[in-house]
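Inspection log for the structure reproduced underneath, given as structure tokens.
No hydrogens, no waters, no symmetry mates; every other heavy atom, side chains included, goes into these values. As the structure is a prediction and not an experimental result, all values here were calculated from the model.
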Amino acid sequence: MKDLNLVPTFLWCLLLFPLHKAVANGVTPEETKQLRDEVREMFYHAFDGYMEHAFPLDELRPLTCEGEDTLGGYALTLIDSLDTLALLGDRERFTASVEWIGKNLRFDINKTVSIFETTIRVLGGLLSTHLIASDYATGMRIPSYDNELLDLAEDLARRLLPAFDTPTGIPFGSVNLKYGVDEHESKITSTAGGGTLTLEFGVLSRLTNDPTLLLLMEPLFYPDLQSQLIENFNANSPGSKISFPLAVRIDVRRSGCHCFTPCTIFEQVTKNAVRGLWARRSKLNLVGAHINVFTGEWTQKDAGIGTSIDSFYEYLLKAYLLFGDEEYLFIFQEAYSAAMHYLYNDPWYVEVNMDSAAIVWPLFNSLQAFWPGLQVLAGDIDPAIRTHTAFFSVWKRYGFTPEGFNLATLSVQHGQKSYPLRPELIESTYWLYKATRNPRYLDAGRDIVASLQYGARCPCGYCHISDVEFHKREDHMESFFLAETVKYLWLLFDLAVGPDNLVENGPYKYIFSTEGHLLPATPQISLLQEHCSYFGAYCNRDSLKEEPNASDKSADSQETNGSRVSEGWVRTRFPLDSSSFKASPVSGLIKVSVKYFLNKI
């Protein structure tokens, strides 16, 4: 995209000047240790405040020291915090929390919940914690633990399944955990809401190996058997009734469940959702923000990398990195190329009409701030550095990032003045430091800690900032503050000190979910065997072997402008012989090497 020329160059210089000034004052090694310890104290200030004043309600009101139910009424903040406790090595509280959840948490409740939020916060939190608590290799195994959280995760996922019973395969935005989808439920959902479910549901499929809905035969030839499968599923899954059309759609699409090939429902419905969204992309390979899940028509055609779309891009790449499924990589390459061509106005990103690429919003919104971190995982370091510099300049200007910053007026967008303790800028800061070891990112982390401590700290936790210009506080603390915001800050400084944590020194390489939950690339989850079809066929976990592939070698890397990047194309995990998935050159994208990512980043 050509330069927008929205503002004179000298104004950009004025906006970015404070950042360059701050970089000159580097964080010393001793200060780095102090910052790491300070962030740890920040976590416990908020966590203890929640446990004392809000638990077992969902979230904390940190000004008045009270609690409130915001999602489903099932101790949301505790679930979201569990793997952070493990990361900090807090065995006592981790164990006590897991045991309480295993004994007390139930999902057989008359609550209508968000598919997206419930999946990334609750399902992801349960799965991540299960994988830590059940594995000796993590150093945090709980001897008394007997898969209680995995059972809860499976029960929850079954209760979410009715949302996927749509003509497009794209799920409704909400579902009642006891009664399914309400007949008056909105048919409009966001792209992120429908396309950010693959990691959690995919991991659950691999952990349970549950062929509940094995659509192994063509319904045309085996309708009675297929009907019996559905009847058995409904009989054993109260609150998760599905209909024959859902089953038929999965099979007719031939979307990975081949004849006589076991394939679990959890993974398949989320892959169908991604395919349903991507099939309706524009000729420019752009997707809109909101879509009708019945008609497949876009109801909002604004394309961008922020609000309502952001994690759709994120989960395309991460699903490939975690599962080795090259279909996700192919879609990511095409989608990323289009985003860099039509949305990127170096160093900012704008929103455009998905059909014409006409600019509709010259706006930086705070959810865009995850993008430089995603670019690190993709190996596209240089634009990530420039964009992070621009995004952080907004933080420096206000002490926080507003939900919206107008690039034409260089001011906070009207009605978007708040900062709800979002982690995205911190996440990208962590990944860029991990990739480059440039101390400027420690300086950025220090500034962020100072802003949170002096602007957002409240008596019992940390408060939303309702107005970044006047630092007005609001009496609410989202659970993701403990799941992500302080987690990425702590990881940043611990990495600089000399890491001693599960992520950097543990037995596995981890993919972070969009909620910051730790999903390990174990042999059971990654399915490295070549006989598994990359189209999504599920391999029996009993056949998995942990012997390393002798031919697997880390990709060569080179230092460019202080940034480590990978050379060449992707090293595929599985044979790729389908003519429908031809890799195409991607402008600005250094092709991902899984082995480089696993061994170098």
Next on the checklist: Quick test of your reading: applying ring-ring contact (aromatic ring centres under 6.0 Å, His included), list the pairs with at least one residue in residues 433-457, sequence neighbours left out, ordered by first then second residue.
Outcome noted: H388-Y441
Checklist entry - Partners of Q453 by side chain to side chain contact (heavy atoms under 4.5 Å, CB included), sequence neighbours excluded? => result E38, E41, M42, V449, R457, Y462
Checklist entry - Pairs in or reaching into residues 69-89: which pass salt bridge (charged side-chain N to carboxylate O under 4.0 Å, His left out), with residues at least two apart or in two chains? => result D83-K487
Checklist entry - What is the ring orientation for Y430 with F512, classed by angle as parallel under 30°, tilted 30 to 60°, or perpendicular over 60°? => result perpendicular
Next on the checklist: Before we go on, tell me: are the rings of Y349 and W361 under 6.0 Å apart, centre to centre?
Outcome noted: no
Checklist entry - Which residues satisfy the side-chain hydrogen bond (donor to acceptor under 3.5 Å, both in side chains) test with S311, sequence neighbours excluded? => result T196
Checklist entry - Should the pair Y508 and Y510 be assigned to parallel (<30°), tilted (30 to 60°) or perpendicular (>60°) ring geometry? => result perpendicular
Item to check | Y313 ring center near W371 ring center (under 6.0 Å) | outcome: yes
Checklist entry - Quick one: do D37 and R40 make a salt bridge, cutoff under 4.0 Å? => result no
Checklist entry - Does any pair with a residue in residues 108-144 pass ring-ring contact (aromatic ring centres under 6.0 Å, His included), and if so which ones, sequence neighbours excluded? => result H130-Y145
Item to check | Residues forming a salt bridge (Lys or Arg N to Asp or Glu O under 4.0 Å) with R422, sequence neighbours excluded | outcome: E403
Next on the checklist: Under 6.0 Å between ring centres: does that hold for F43 and W490?
Outcome noted: no
